[in-house]
There are 2 protein chains.
Amino acid sequence: MKKKRTSITDIANTLQVTPSTVSRALNGGGKVSEKKRLEIISLAKKLGYRPNPIAKSLLENRTNTIGLIIPEFTHHFYSRMLSGIESVTSKAGYQLLICTSNEDQNQEIKSIHTLLDARVDGIIATISKMNDKFEHLQEVMDNDTPLVLVDRFSEEIETPYVISDDFKGAFSAVDHLCQIGCRKIMHIKGPDNLSTTFNRFMGYKEALRKHEIELDERLILEGSNPDLVEKIKSCLENNWVDGAFAYSDYLAFEIYKAASQLTIPIPGQLSVIGYADEPISTYINPTLSTVNQQPFEMGVTGAKYLLNKINDPEIALEIKNLETKLVIRESCRRLEG
Amino acid sequence: MKKKRTSITDIANTLQVTPSTVSRALNGGGKVSEKKRLEIISLAKKLGYRPNPIAKSLLENRTNTIGLIIPEFTHHFYSRMLSGIESVTSKAGYQLLICTSNEDQNQEIKSIHTLLDARVDGIIATISKMNDKFEHLQEVMDNDTPLVLVDRFSEEIETPYVISDDFKGAFSAVDHLCQIGCRKIMHIKGPDNLSTTFNRFMGYKEALRKHEIELDERLILEGSNPDLVEKIKSCLENNWVDGAFAYSDYLAFEIYKAASQLTIPIPGQLSVIGYADEPISTYINPTLSTVNQQPFEMGVTGAKYLLNKINDPEIALEIKNLETKLVIRESCRRLEG
DNA sequence: CTGTTAGCGCTTTCAT
DNA sequence: ATGAAAGCGCTAACAG
């Protein structure tokens, strides 16, 4: 059985005073005679007294806890975001209650209820890929629990967001490819239904438009395609491609595989840019150019905003579109001739 | 301001019964007339009643919360471990309160107190690299809060552990190098003070002994050395080396760099094995042989043990030494001639 | 079957 | 300056 911790009443009893007095002495606030104050404080220290935040929570209707829902832990992106969030919340004296959704909306709904039940003071969440229900998020808002959504955006739910400017990020990548002379630029799309997939595709198209390159439907591939590598190879073999922009660094790596199988040199014949600046991009050969989304900053920004909203619920609703950074590495080179 | 949630008393009042009755109706236990029971349940549903776990915690002196301390989020190893832990705890209806130590013992101490204050039902922790104080862990045990230490071991603290069998893991790696004909095997050590560093080094030595290879001090390098790559190069240049075992996959990658600078082919002239099976090992070229520590399993095992201990504090103290798996990839090849 | 009472640890009036 | 009392939401022991 868990040992009973010393409570304010224990101190009160041994000192022949009331709990109220002890509470006042410990919290500095009220008036207590200097003598008693010192007595109480020293006994508290001796007994290793630590206030029970649960009792306080019950009283104050706040828990000093932030709930967090992320799809999973293992992508570097989320780890970094988590670090960013943690760095802010821990400094502010908040604890983190973390749930994962595994990209499953039902689990997301369950997690929301868990967090709501736990009476967290606020929630930071990344909605799962497949999403068609929004009542649970509405529930959070109806409950006046501050909510900040990060990374993924949905038209359906009106709440503060911290997202990455995928449109500009993709645009800058493809714009770069064009500037170094690519004219036949492949794009590998991300999962359906994701705002990020859509926006990166839009950025791609806009960059082509700017450079007056006509969109070639044959060069738009679905990342979820089971024989993606074969599809890529067929594009490469037919010499349809001199540049590629992928939805993620992992999908860019698939391009590497295809190119390697056909012994097409990167960046000699093909320049490639990925997305997210995952660690993989610095390990593969040649090192991969990519778009950094600043996930740590995203976490920091989201957490700070949430804390502000907790302290001032009337704070203006904001949608922060974080700048991305184009990181050029070995996988891009100006086309000769 | 946060909206007041409907409480058991609210239901009691509107239905002209007492809170006890409502409690009984909702919890199934006691005897309540069928009629009232249905009335209460339906009203509870209508009002969206959700029990307040905080009140229950106060009463029962348990929180259904597990505290977790890890060095950081971004290493794949910890992410996987975290996933393993989460998969168990969430299924068992426990929440996770997560703190990071950033490998700083003072932060670790602070985190322990945070978790203890939060009255978590148990703690899973990976102690930080530099550690010379142990009172905080003792405090946890004195407080009768079940504690399981994972990944890193310390003689100083007697509690259940779930660790990876680093000795055997290292042994199997170096044994393999010997079997494919390596006789001059370099080792790059991990951080001082870490049980894992020590044990992997021991495994290395034992494998050499088994194959009657004399230890060559010149081939033992410190991973923390700022000009590690230069040191490695000097070993390679002098032709002292035909195999290498590194404390981590990242350190193994340093060997790749050195070899690449000297255009020494891997695995043609040099076989390399890393440790941990981090994602990097499948991305680099050639793909890196390594020792998989099964971090997910480690998390699962630690969490299960902790839950058992929470339910039965008298459970026998155990030190689980998880098996590792040698993963052979392209970076190893039998030496010709 | 249902109400009363008490209490988990703490804070906050309101008296004294 | 201090004590008494009430209450946060819930459960459990005890009376009816």
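To find a chain, count down the sequence lines: A is the first, B the second, and so on, and within it residues start at 1. Heavy-atom basis, side chains included; hydrogens, waters and symmetry copies ignored. As the structure is a computational prediction, the values presented were derived from the model and not from experiment.
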Item to check | Salt-bridge contact A/E39-A/K36 (side-chain N to carboxylate O under 4.0 Å) | outcome: no
Checklist entry - Under 4.0 angstrom, heavy atoms only, what part of the nucleic acid is A/S20 near: base, sugar-phosphate, or nothing? => result base
Item to check | Salt-bridge contact B/E103-B/R152 (side-chain N to carboxylate O under 4.0 Å) | outcome: yes
Item to check | side-chain N/O A/N27 vs C/dT11 OP1/OP2, d < 4.0 Å | outcome: yes
Checklist outcome for this item: Taken to the nearest whole Å, CZ/A/R24 to C1'/D/dA1 is 8 Å
Checklist entry - Taking the side chain of B/K36 as its heavy atoms from C-beta onward, which of D/dC8, C/dG7, C/dG3 lies nearest to it? => result C/dG3
Next on the checklist: So if I take every side-chain heavy atom of B/K56 and compare against D/dG9, C/dG9, D/dT11, which nucleotide ends up nearest?
Outcome noted: D/dT11
Checklist entry - Is the shortest distance from a Lys or Arg side-chain nitrogen in A/K133 or A/E135 to a carboxylate oxygen in the other one below 4.0 Å? => result no
Checklist entry - Nearest to the side chain of B/T21 - C/dG3, D/dG3, D/dT11? => result C/dG3
Item to check | Carboxylate-amine/guanidinium proximity below 4.0 Å for B/D10 and B/K4 | outcome: yes
Checklist entry - Closer to the 5' end of DNA chain C via nearest nucleotide, is it B/L58 or B/E34? => result B/E34
Item to check | Between D/dC10 (C1') and B/N61 (CG): distance, integer Å | outcome: 15 Å
Next on the checklist: In whole Å, I'd like the distance from the CG atom of B/N13 to the P atom of C/dG3.
Outcome noted: 12 Å
Checklist entry - Of the nucleotides C/dG3, D/dC10, C/dT2, which one has an atom closest to the side chain of B/I8? => result D/dC10
Checklist entry - With a non-hydrogen cut-off below 4.0 angstrom, is A/L59 in contact with a base, only sugar-phosphate, or nothing? => result base
Checklist entry - Which part of the nucleic acid, if any, lies within contact of A/S33, taking any heavy atom under 4.0 Å across all strands shown: a base, the sugar-phosphate backbone alone, or nothing? => result sugar-phosphate
Item to check | B/T9 vs D/dC10: side-chain N/O to OP1/OP2 distance below 4.0 Å | outcome: no
Checklist outcome for this item: Out of D/dG9, C/dT11, D/dG3, minimum distance to the side chain of B/S7 belongs to D/dG9
Next on the checklist: Side chains of B/D165 and B/I163, heavy atoms from C-beta outward: is any pair under 4.5 Å?
Outcome noted: no
Checklist entry - Rounded to whole angstroms, how far apart are CZ on B/R119 and C1' on C/dG9? => result 9 Å
Next on the checklist: How many whole angstroms separate atom CZ of B/R50 from atom C1' of D/dC10?
Outcome noted: 16 Å
Checklist outcome for this item: Rounded to whole Å, the CG-P distance (B/L26 to D/dA12) equals 13 Å
Checklist outcome for this item: Taking C/dC10, C/dT13, C/dG3 as options, the one with an atom nearest any side-chain atom of A/N52 is C/dC10
Item to check | Nearest-angstrom distance from the residue atom CD1 of B/I54 to P of C/dT11 | outcome: 15 Å
Checklist outcome for this item: B/D10 CG to D/dC10 C1', in whole Å, measures 13 Å
Checklist entry - Does B/S23 put a side-chain nitrogen or oxygen below 4.0 Å from OP1 or OP2 of D/dC10? => result no
Checklist entry - Taking all atoms of both residues into account, what is the closest heavy-atom pair of A/D121 and A/P146, and its distance? => result O-CD, 3.2 Å
